[in-house]
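Remarks on the structure that follows.
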Amino acid sequence: MPTDVDARLAALRGPVPARHHNARTIAALTSNPGCARRAVLDAAGIDKAALATAVDFPAPYGQSQFAITRGNAFEARMKADGCAELLRLLRETLGLDLPDDVAYTDLETVAGGDTDQDLRHAHARTQLETATGPALYDHPLLKLQVAGKDVYLEPDLVAFQHNGRYHVVEIKSFPVIDRQADPAKVAAAATQAAVYVLALRKLLGDPGAVAHDIVLVCPADFGSRPMAVTIDVRRQLSVLEHQLARMVRVEQILAELPPELTFRLDLNRPADDLGAAVGAIDPCYSPTCLSSCELAYFCRNEGRTTTASLGTNVRDDLGGVETIDEVLALADSDDDSEVATMIRTVARVYAESR
Ligand code: SF4
């Protein structure tokens with residue numbers, strides 16, 4: 001049943017289909033829980049990459065078509081024949097004692113091909129709750145509450161039941177070379193898996209039903225030979241829960257916005273007009289946005305005169321001094337406040353070191 005909040009979010013988005021959350025978007029969202037702008041845009045399902053392009057600050061990143069194709073091929077190989085390759089890996093690499101006939105169920109659609117999300121979510125719960133013995137479930141549709149609103153997660157995981165507990169299996173296409181992988185990619189994969197662990201626990205209503213050890217599967221040594229490792233994501237889980245709890249409810253943010261505000265990407269809508277609409281919602285920019293949000297270049301440009309644009313450490317150290325102009329003025333002043341004294345000390349040390 002659509003609510004007033006749903007109707008308001010639909011009006012903000014305009015007549016285009018909503019983008020759905022996935023573990024990557026939730027992980028990125030919770031990396032900056034204080035950003036009202038991102039909270040609203042994501043809740044409305046707005047395509048932030050298209051919005052960034054329309055305001056003349058296109059997102060400079062994203063997976064190449066080659067990387068997407070390679071990733072899909074690796075995942076398809078791992079899941080072929082009822083996840084035969086994945087099961088071999090779980091047996092050999094992780095030493096699990098698994099029978100030959102582990103059941104594999106794809107939950108992408110329910111019987112009759114219905115793709116209704118409520119139905120798929122309920123179906124996933126029924127299937128996972130009634131599983132007996134080792135079993136693999138692909139694409140279970142999960143749900144999390146984000147900023148006071150339930151969101152479905154586009155499922156990109158395999159839930160694997162063994163010894164009465166589920167494990168999240170994340171299949172990623174970044175390579176592991178000489179048993180070393182890019183630490184940033186491993187960290188991102190662990191955080192995304194933690195999102196799925198949390199959502200699976202909520203689906204099953206029992207934190208003990210889903211292990212905090214996730215299984216990460218990647219191609220090894222430039223070839224397509226896979227390898228698997230387990231990663232303990234307890235730390236990521238506690239950060240995630242903390243950040244989700246800190247997020248301001250979307251309906252509170254919506255209540256402060258002009259009623260006529262919309263982000264419709266009409267072909268003839270000037271970039272300035274759309275940029276002004278984006279500017280109506282408070283951002284919370286920090287340099288970490290550059291690696292996690294499609295609107296980062298827009299928000300960086302918008303806030304280039306603020307101390308926040310220099311990072312959270314600088315913002316915290318200069319608490320209360322909002323703009324770079326104010327900092328420069330304090331550096332030349334005889335203000336005897338603590339922050340002004342600190343700024344003058346830094347300016348003197350900097351001048352001497354030059
Ligand atoms: S780039 Fe902008 S919208 Fe995205 S999280 Fe940062 S401040 Fe928020």
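One-based numbering, in listed order, for ligands and for the atoms of each. Keep in mind that what you see is a predicted model, and the values were worked out from it rather than measured.
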Tell me, which protein residue and heavy-atom name are nearest [atom], and how many Å apart are they?
atom	result
atom 4 (Fe) of ligand 1	Cys293 SG, 2.3 Å
atom 5 (S) of ligand 1	Asn32 ND2, 3.5 Å
atom 8 (Fe) of ligand 1	Cys35 SG, 2.3 Å

[X] heavy atoms, cut-off 4.0 Å: which ligand 1 atoms fall inside?
X	result
Ala296	1 (S)
Pro283	7 (S)
Arg37	3 (S)
Tyr285	7 (S)

Is the ring centre of Tyr152 less than 6.0 Å from the ring centre of His20?
-> no
So, is Cys289 placed with an N/O/S atom under 2.8 Å from atom 4 (Fe) of ligand 1, counting both backbone and side chain?
-> no
Can you tell which part of Cys284 has a heavy atom less than 4.0 Å from ligand 1: side chain, backbone, both or neither?
->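 For Cys284, only backbone atoms sit under 4.0 Å from ligand 1.
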What are the two closest non-hydrogen atoms of Ser292 and Arg38, and how far apart are they?
-> O-NH1, 2.7 Å
Side chains of [X] and [Y] only: does a donor on one sit below 3.5 Å from an acceptor on the other?
X	Y	result
Asp325	Thr323	no
Gln145	Lys202	no
Gln117	Arg120	no

Given the rule in the salt bridge (Lys or Arg N to Asp or Glu O under 4.0 Å) test, do Asp332 and Arg344 qualify, once you have shown the distances and angles that lead to the verdict?
-> CA-CA 8 Å; Asp332 278 337; Arg344 280 195 297 277; over 6 Å; no
Taking both backbone and side chain into account, is any N, O or S atom of Cys299 nearer than 2.8 Å to atom 2 (Fe) of ligand 1?
->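 It does: Cys299 brings an N, O or S atom closer than 2.8 Å to atom 2 (Fe) of ligand 1.
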What is the ring orientation for His162 with His167, classed by angle as parallel under 30°, tilted 30 to 60°, or perpendicular over 60°?
->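 Rings of His162 and His167: tilted, as their planes differ by 30° to 60°.
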